[in-house]
Amino acid sequence: MERKDNQSPRGHIAGILVEFLEVAITSVVFLKGIYSPGAFERRRYMNVVVQRARHPQLRDYIHSAVSGLLPFIEKSSWDAMWKCCPSYWFYENKVKRYQIFFEGLVERVAVIFFNTDNIPVERFMFKLTVNQSFDSKVEESDLEFSLRSFLIKLSVSQPLTKVLPCDCRWEITAYFRSLPQVRNSKDTELWISTDTKQWQQPPLITPIKSMNSEPLGVQLFLEHPSPSEPKS
Amino acid sequence: MSLDSSRSANSGPQNSKRSFNSNSSNNKDNSSNSKKRKSNQKTLGMAWGANSLSTSRSSFRSSPFSDFGSYMVEKNRKLQNQFDAEASNSSLSDTSTKPIFRGVSIFVDGFTVPSSQELRRYMLNYGGRFENYFSRHRVTHIICSNLPDSKIKNIRSFSGGLPVVKPTWVLDSVAVNRLLSWVPYQLDQLASNQPTLSTFFTSKISPASEGVFADAICEVKHGTEDLCLKDASKDAKFSEAGEPSEWRKKITEEHDELMHGNTNSKVIEEPSSSYSEASQEVKVVERSNLEQDDESRENNRPQYCPEQPSASVSSHCFDNHSVKGSPHSTALGPLKQCHSTLGDPNFVENYFKNSRLHFIGTWRNRYRKRFPSLPNGFKCMNSHSDVSADTQKTAIIHIDMDCFFVSVVIRSHPELHDKPVAVCHSDNPKGTAEISSANYPARDYGIRAGMFVRDAKALCTHLVILPYNFEAYEEVADQFYNILHKYCNRVQAVSCDEAFLDVTDLEGEDPKLLASAIRKEIFEATGCTASAGIAVNMLMARLATRTAKPNGQCYISPERVDEYLDQLPLKALPGIGHVLEEKLKNRNVRTCGQLRMISKGSLQKDFGFKTGEMLWNYSRGVDNRLVGTIQESKSVGAEVNWGVRFRDLQDTQHFLLDLCKEVSLRLQGCGVQGRTFTLKIKKRRKDAGEPAKYMGCGDCENLSHSTTVPLATDDVEVLQRITKQLFGFFHVDVKDIRGVGLQVSRLESVDTSKQVLERNSLKSWLMSASASSEERCDVSSIAKDRVGTDTEGKSMGGNSGVLCTDPVGNSVLRTNNTSNGDGCSNQILSIPQLCHLDMGVVESLPSELQSELNEMYGGKLVDLIAKSKGQGENSTGSLCFHPPELSKEEAERSHNSDPISLSRTAVEMMGKQHILEELQTVPDSGTGSNSNAISIQALDNNDLMPSSLSQVDTSVLQQLPEELRADLFESLPAHRRQEISTLGPNRDNLHHPLCINQPESTDSGLTNNLWIGNPPLWVDKFKVSNLLMLRFFADMYYKSKSAENLSSILQCTIAESLHPLDAKCDAWNEAVHSFNELLMEYIKLKIVVDIEEIYVCFRLLRRLSTKSEFFLEVYNLVFPHLQDLCFGKLNTFLALEFSILTSLH
């Protein structure tokens, strides 16, 4: 969440986006009721009421996951192919882990809820498009307005989601367009491979919110396994 | 503004009492948060605000307080301390702010823009207070943007009687750096419900304090003898009577002047009133004034005299009858403050209406619109001339109207021709107006432009001063250019009355003869004389004109150039102004001959590279410029520095708004949008007195501020916001402002789709067409139809559809003109070539008409008719539109397949006159695109055939006689078969109403642009459709609020369609298909960027499908495609009902 004072507009947008993702992911986790409501507190962000994790580890996990994405949202080209991933252990015996496929520039950020067999039950997908060529000043109030609508919509989208089985876990996953180059950089050390399984069939999606205000486009949709998905 | 107000959010007292112990990482997190927030506080408002209930509760549990009350007391105290500490910090760090909010303590209720944290920061910086918790005792203003109904109903218990104000109050106050009255910023919800006493006062008082309005009230009063009103106006006058001594003095003024004063105020109300009207007005006013006068002398002598101020300027004002009248008439006496910009609510508009410079400036746009064909045709020719320049002698004619502004005005007054006449915006007895142009007799007296009228009158007592006549200028300028373009297609317009012509290419024509022919024609057409200079380059041609004037022409042969220049004073060279002249004079250089003595290097050293080179070249008569087009303007703006006087900020804002409107109009007129905005202000110098020129700007400092926005705009509201903001940067006393200008630069041309939107272009085109001749009116109405066809043909790529009239067509038509390069709209009508006539049509004409036509063609027609008899069967072709050819070749008349488009219906229904006109006008547009409402085509034009009957305007179809219609229908399938076989499957086909069962060809490869334009293409397409369903849907487009989204249109459809929409008609399948196409395009457009919108649309469609068979079918058809696309683009399926819905029945 570091933002320098004299950043390029692109970096600036990336900063806002990452900050927004942190809040939105927290809201998703709150929405799914994985933790008791007491683990969150009401805060205001962009002038709307949102939830914030009170437990430092939970907060750190979300924070470091998305801020780890920052350089990859900012950068635009990638070559090498590898992954890494840190893992975190959280309280209440739940394993939280995040996994990032380095496919290059971040294309999607997902919050995946999966059952004990590591089979995803539900995915909240943030699809990002950051216009890298956009270099002029960003109309922040517009951006703020659009992003705020996400948070508002998210807070009422509970009925669209599935009831999770107990004992389920979740993780933040980022999908990259191509793999990063910087083998030894600190940015990439954090990442580990995931053992979360993928769906065999194309999923069904339920769009929650889309916005496209010039440099930044974000779409949020829910993904559920297709009915024809083989049950394991 | 470095500020850490946000720190309070995180490091406030309640934070330290968190129930869990912050570990190290948390602390780090916190500190980094607050650090970060310092930099972006402004951007995202408050991040993770601190005042949440849960926090305070939880901290309360672990706190040492006995009860909640004492906790709150303590908390409030701490918050206050904290605020004070921060306030002192920020005021130390930021000395430029002044405590404008001293004594103000705000409480922010609910969601506001800007956020409460930002408001808090303003309070912090500008000496106000910010209360986190509402208290009647501490809070002075409640800030909120919106209130729930319950609070509105019970406003007193909510606000405790305190003012409830919108947050813009704080912002605006900060912007102008002083505390504004909160009254205008009262929450709308409240203000509209209950007009308060204060709002009543503000609306009454402000006009009353202006002389003119008080004046008007007086009239009402005396006219009606209403006592109440009388009192009111007395009050009003009282409030106005700032300088009682002034008033008393004025009572001694004479009665008739008062009368004039009143007349003025009338004239303001009707600025367009003519002389006769104005004089009538005088009578009316006179009477009322008499009454008024008498009565006022009896009643309230000492107070009475609101008419007075305008008396001093009254007489000339009346004479001018509102040419500049309005600003004058509102002016108070000399040396008193003159609220010109105040008294006239339309000051800016009137100002520009009466400004000659404005006329010249905006004329360019007009010119460019009238002769849009130039740029293209020009470039290639320029390159050609580059090559030929060496080998061939160039010949340039510079042509300039003689004292344009005067001669146009006096052309209808032959008696004035040899009298000294000057044009000036006012003929004020004070004589402080500037002469803008004088004719040659007047110049003989030494009268020059820019001279004060009084000085001019001193030189020549019988000088006639006339006002501007802008319409006449426009008319003459248009005629002038029409003539120039007729003779030569390389014209560079310099001004409305001055142009360069490159006649090099016109070989075999003596430029001298050409020039005199042009001059002669100009004189015959306009009644004004022009002078011409002919030489090898633009510089010399211009100088030659100087010698030629008035009403003559001069040729400078290349051999004589040196000789001519030798004695030429430097001042005569273009580009040499006062400053340069002075500098050269100091070096004892006065003529070109002397200038030639100086070396190029030396000139460049002294005057800079470019100027030096220019001087060197010009003194030798060298000028490498080519006769080109008008340069693209780099900036667009408007500036007013006459009659600008403000009383308070509100006047200024009003004025700025008007200025923004003007600038926005100009931007739109040029079809550009700008990103950089510069506001210039002329500020009276401290020691400067009232300027010599009446209402002029006098001695001023020029100040300016500018800003750049990311997105180019021409929107008034955006302009206004920016201007307001810019204006806030000037810390100027509004009373010292003498001129304001707004300049927009970094222009970007509006992209084509938007440009099409611009109604101006179509209008101006039509207007110019209608101006040139009566008949063209007819054409222009037809042109609309034609335009529609054009568009269709172009954008649909032959795709079938319903005829629509679309503004896009305008540009299409224009490009056609461009490529033709003959500026067709101004061509004189000519009869079409014989081969263009459709014999089928001609035969069906009444015999007398036929013979008339025959005469026009010199008897050849009869032969043709006879010939065509044999193949007559063929040519009773199908009824369809001819899609216009846009390529150049095909547009040429000689093309064989050029159809004759003559409306058969028209032939049968209209009188002979009309037919003849159509015969003439239709082919006149010079392109192949002149398909009229219906074109009857020969079958051999198969490569031009449109796709189907669905393109035919059904209304026309219906008007056809029964047998003809049947005939057409019969012939159509035959044609279609042929078409399909020749064109292959790549051509899109629709079901057409007569053969529904025809298999539908796939349109997978097709990319259409149904969603392009505003309104999108489909709206127009649907609107003219013969299918009720589609028309209904097009209506919905206009009804829905945010019409660029299909979902909102669908929503509207659901709301509107109470009764079942289904009426199974013939064209059912066609409607379904059209709609499918629309949807498919929309999906393709949105699927990547806005899946939500697609999702919403389909949910709505599903809802509609329960109501309507039509939508059910559409849904079932499109849904599989949607899922295909989803899978293709996103590798997912949309979670809608998976199965295809079954029919309701």
Side-chain angles (χ1 to χ4, degrees), chain A residues 1-5 9 12 15-16 19-20 23 38 40-50 52 54-57 59-60 63 125 127 129 134 136-141 143-145 147 153 160 201-212 214 217 219-224 226-227, chain B residues 9 18-29 32-33 35-40 42-55 58 111-118 675 708-711 1086 1088-1096 1123 1126-1127 1130-1136 1138:
Chain A
M1 298 239 308
E2 296 287 319
R3 264 201 256 157
K4 282 153 258 153
D5 273 338
H12 186 61
I16 292 176
E19 200 175 78
F20 161 77
V23 179
F40 298 90
E41 59 187 4
R42 276 158 54 97
R43 286 297 175 100
R44 271 219 236 180
Y45 174 71
M46 288 184 183
N47 224 349
V48 287
V49 173
V50 294
R52 184 167 96 135
R54 288 175 66 186
H55 196 284
Q57 276 182 304
R59 199 165 58 209
D60 261 10
H63 175 74
M125 196 66 85
K127 195 162 175 288
T129 38
F134 194 86
S136 56
K137 206 172 158 284
V138 188
E139 197 57 63
E140 275 170 4
S141 57
L143 198 58
E144 190 178 325
F145 181 83
L147 290 176
K153 189 82 185 270
L160 296 174
Q201 300 285 320
L204 284 181
I205 60 170
T206 311
I208 293 179
K209 193 73 204 166
S210 298
M211 77 108 177
N212 199 3
E214 188 19 61
Q219 301 198 59
L220 171 61
F221 43 84
L222 262 177
E223 289 189 352
H224 293 126
S226 136
Chain B
R18 280 233 176 89
S19 54
F20 56 85
N21 291 325
S22 311
N23 59 16
S24 61
S25 78
N26 188 30
N27 273 341
K28 209 170 107 203
D29 187 23
S32 80
N33 267 357
K35 212 194 306 170
K36 176 217 79 192
R37 222 159 282 131
K38 229 184 276 180
S39 62
N40 66 313
K42 212 173 160 193
T43 68
L44 288 180
M46 43 176 162
W48 308 101
N51 297 326
S52 71
L53 203 59
S54 63
T55 336
S58 61
F111 179 90
T112 53
V113 177
S115 69
S116 60
Q117 283 303 300
E118 273 169 88
R675 284 182 50 213
T708 303
V709 297
L711 213 64
K1086 291 278 180 181
V1088 180
V1089 289
D1090 198 348
I1091 187 86
E1092 184 199 0
E1093 166 69 13
I1094 302 283
Y1095 182 67
V1096 173
Q1123 293 295 27
C1126 262
F1127 184 69
L1130 303 171
N1131 199 27
T1132 52
F1133 290 118
L1134 215 53
L1136 283 156
F1138 222 66

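Since the model is a prediction, treat every value here as computed from it, not as a measurement. Lettering of chains follows the sequences in order, A, B, ..., and the numbering in each one begins at 1.
The two residues Thr112(B) and Asn47(A) make their nearest non-hydrogen contact at O-ND2, 2.7 Å.
Taking NZ of Lys209(A) as the start and CD of Glu1093(B) as the end, the distance is 9.5 Å to the nearest 0.5 Å. Here Arg44(A) contributes atom CZ and Gln117(B) contributes atom CD; the two are 8.0 Å apart, rounded to the nearest 0.5 Å.
Using a 4.5 Å cut-off between heavy atoms, Ile208(A) contacts chain B through its backbone alone, with no side-chain atom that close.
A 6.0 Å sphere centred on CZ of Phe145(A) holds no more than 12 heavy atoms belonging to other residues, nucleotides or ligands.
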